[in-house]
Number of protein chains: 2
Amino acid sequence: MGWLSHEEDCVEMTRTRSAPTISQVAAAAGVSRSSVSRAFTNPHLLSEETVKNVLRIADEIGYVPNHTARALSTGRYANIAIIVPDIANPFFPPMIKAAQEDADNSGFCVFLGNSNEDPAREDQLLARFLGQVEGFILVSSRLGEQRIRHYVERCPLVLINRDIKGLPRVLIDSGPGVSEAVHHLAELGHKSIAYLSGPKRSWSNTQRLAAVKKAGRELDLKVSVISTTTPSYQAAREVSARLINTGATAVISFDDLTAQGVIAGLSDHGLVVPRDISVVGCDDVLDAATHPSLTSVSSRSAESGRTALSILLDFLRKGNTGDIRFSLDTRLVSRETTARPRLP
Amino acid sequence: MGWLSHEEDCVEMTRTRSAPTISQVAAAAGVSRSSVSRAFTNPHLLSEETVKNVLRIADEIGYVPNHTARALSTGRYANIAIIVPDIANPFFPPMIKAAQEDADNSGFCVFLGNSNEDPAREDQLLARFLGQVEGFILVSSRLGEQRIRHYVERCPLVLINRDIKGLPRVLIDSGPGVSEAVHHLAELGHKSIAYLSGPKRSWSNTQRLAAVKKAGRELDLKVSVISTTTPSYQAAREVSARLINTGATAVISFDDLTAQGVIAGLSDHGLVVPRDISVVGCDDVLDAATHPSLTSVSSRSAESGRTALSILLDFLRKGNTGDIRFSLDTRLVSRETTARPRLP
DNA sequence: CTGAAAGCGCTAACAG
DNA sequence: CTGTTAGCGCTTTCAG
């Protein structure tokens, strides 16, 4: 690690020259400032010739309309903000990416906020963005309902994976996928399964646990539930003994990370997946990139981002859209960590 | 999947009420507008009483300074933009997260741009952000040097993993880590190793290939190089036959994703890692979350983001900083996919 | 079709 | 310490 300095190269990054303004273009083109403005925003109000001329001069000078000044004048910021609890959690990037791309195509810039799972920080981010965006996408918000409603009053906002009545929200419903997973295991011949639980307060975990129990009941399987303190790889690895003690021949884990922890933990006890025990994850964030590749419940993370964005843009264009609750269901992606149980 | 509408709940998200302005606060508090402004930006210029009074009234009314108006007036946007080729590539999120967090702590908001590996789109993003940010962080930029210099003239900019003389840049140098990996393999007793190459035009790949060759020469190992069309899991999986044919007992792969592909590919041929062949990845994006956990070269992604941000903020505060070339070196993270070679 | 004038909400000299 | 006066760069009536 080190610093190198070549003094002779210091021409760059000295002082940024201030951007050309509309006035300069107007002067150079011999037209009024409003004409320049119109050439960019309402060319059809101008003679073809004027437009062409202005645009040419502008290009020469290197003029680019100032986003900020325009926003102040029109009230249209052409910016939105996405706030997530943790960018580094692989569940979120595909969502951000999808929303980003669509926003981009509609001419919007996107601010990204990382609340770090902290409601206070989330609140602060919202406040900071408030004066410069036309809308928010709040993902898995940890903020109190009161505060969320506070912001909704001042700026359009759509929630992802947070179910507040009356607010537009898109929810990824793990139910169907988890249920499918249980059926899949039952078909393979498993009679006793375990669910490794995630955070108690998590909306997703609640959905998943309920789905496992319901499907287990219907298929007459024994269902054991094991909890970890925190849904980490390490924590999951450490509960493997308890998992084994349940006598389950298959385990459904809260997410892919904990599923990998389970696989490692079982291996610590000499058990091989899927030969000795089958494992299924949730969220499908690893694709097939592990070996053996993980059977998992798809998360549709990208779609949720896209959907939230389109709800937001729709609202910005058309106004009131009523109480929107968009539910995305999920399905099982069957790969290599599930198999028939070993005969006793 | 479905839409539910409860008409009775439509109170929300109708029309956003326009935000209170400084004038309203001034009127309510019985002071001039500048005093309100000062209460927020230079409270020390005001009597304690006035400040308290203004702040109280502002809070009551729900006034929050308008970021955009302030920016237009001061020229300080308090925004920066980070542009990456692919948010969904696990190499980038830790970097974005780290930069985001530090920016946040310095009162900056961050725009996120995803160029999708497309220079034209990257250019467009730059242009769109230009009028509303104080600086850029360009990660693994695919843009031509001319264009980058064009933007540098108008706005401070720091590069990550792109080495352009005279521009501030932070580079993650895989050299030391890769070299360490080769030494590690040699110590385990390997005599013949292979490098699975990444994109030809990639700065990182060039570094890595060179380091493997150099260390291999020094340690008197046989080094074979295999290339894939694209550095994907699948592509890596498919070259395993060629890898095996080299007779190498260990392979170093361009990144972690391809390393996992290699492991799967070897397994397709009945070979078990690390019993039959050792594998090491690069970037260390998987932590220990796979089984067996991958030996990899650390990427220091987060640190690169933090460093780039601090260079940028330093520049914004202090001006010209000369030719900065900050190099972060790497090291080997030894885990479970490397072992002694099998005896012939 | 084009220009003049007012103003978006805030800050920053400059007086007092 | 506080009020007054100009703008920041752009859009947008309103006239012509």
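Per chain, numbering begins at 1; letters A, B, ... match sequence-line order. Everything numeric in this text was worked out from a predicted model, so none of it was measured. Computed over heavy atoms, backbone and side chain alike; hydrogens, waters and symmetry mates excluded.
Within the 4.5 Å cutoff, no side-chain heavy atoms of F129(B) are placed close to those of N79(B). The closest side-chain heavy-atom distance from T307(B) to I311(B) is below 4.5 Å. Taking the side chain as every heavy atom from C-beta outward, L313(B) and L316(B) approach each other to under 4.5 Å. Taking the side chain as every heavy atom from C-beta outward, V110(A) and I137(A) never approach each other to under 4.5 Å. Side-chain atoms of L171(B) and W203(B), non-hydrogen and from C-beta on, do get closer than 4.5 Å to each other. For the pair F91(B) and I172(B), the minimum side-chain heavy-atom distance is below 4.5 Å.
Helix-axis bend for the helix from dC1(C)-dG16(D) to dG16(C)-dC1(D): the local axis fitted to the five terminal pairs at one end deviates from that at the other end by 40°, rounded to 10°.
Mapping A69(B) and V31(B) onto DNA chain D via the closest heavy atom, the residue that lands nearer the 5' end is V31(B). Mapping S73(B) and E48(B) onto DNA chain D by nearest heavy atom places E48(B) closer to the 5' end of the strand. Nearest-nucleotide assignment on DNA chain C puts the 5′-proximal partner with T50(A), out of T50(A) and R33(A).
In the set dA4(C), dT11(C), dA12(C), the nucleotide with an atom closest to the side chain of S34(A) is dA4(C). Side-chain atoms of L46(A) lie closest to dT2(C) of the nucleotides dC10(C), dA12(C), dT2(C).
For the pair Q132(A) CD and dC8(C) C1', the computed distance is 16 Å after rounding to whole Å. Nucleotide dG3(C) holds its P atom 8 Å from the CZ atom of R38(A), rounded to whole Å. Look at CZ on R76(B): it is 20 Å from P on dG9(C), rounded to the nearest Å. Distance N66(A) CG to dC8(C) P: 18 Å, rounded to the nearest Å. Atoms CG (L72(B)) and C1' (dT11(C)) sit 10 Å apart, rounded to a whole Å. A straight line from OH of Y77(B) to C1' of dC10(C) spans 14 Å, rounded to a whole angstrom. Atom CG of L45(A) and atom P of dG3(C) are 13 Å apart (whole Å).
Nucleotides of DNA chain D lying under 4.0 Å from heavy atoms of chain B occupy a range whose first and last members, 5' to 3', are dC1(D) to dG9(D).
A donor-acceptor pair is defined here as one N or O able to donate and one able to accept, closer than 3.5 Å; no such pair exists between the side chain of N42(A) and the backbone of L45(A).
Residue R33(B) qualifies as open at atom CZ: its count of foreign heavy atoms under 6.0 Å is 12 or below.
If you check every strand for non-hydrogen atoms under 4.0 Å, T41(A) touches sugar and phosphate atoms only. The residue Y63(B) sits close only to the backbone: its heavy atoms come under 4.0 Å of sugar-phosphate atoms, none of a base.
A salt bridge links E145(A) with R149(A): the distance from a Lys NZ or Arg NE/NH1/NH2 to an Asp or Glu carboxylate oxygen falls below 4.0 Å.
In this structure, Y63(B) and F40(B) have perpendicular ring planes: the angle between them is above 60°, well past the 30° mark.
Side-chain N/O atoms of S32(A) include one lying less than 4.0 angstrom from OP1 or OP2 on dG3(C). The shortest distance between the side-chain N/O atoms of R70(B) and the OP1/OP2 oxygens of dC8(C) is not below 4.0 Å.
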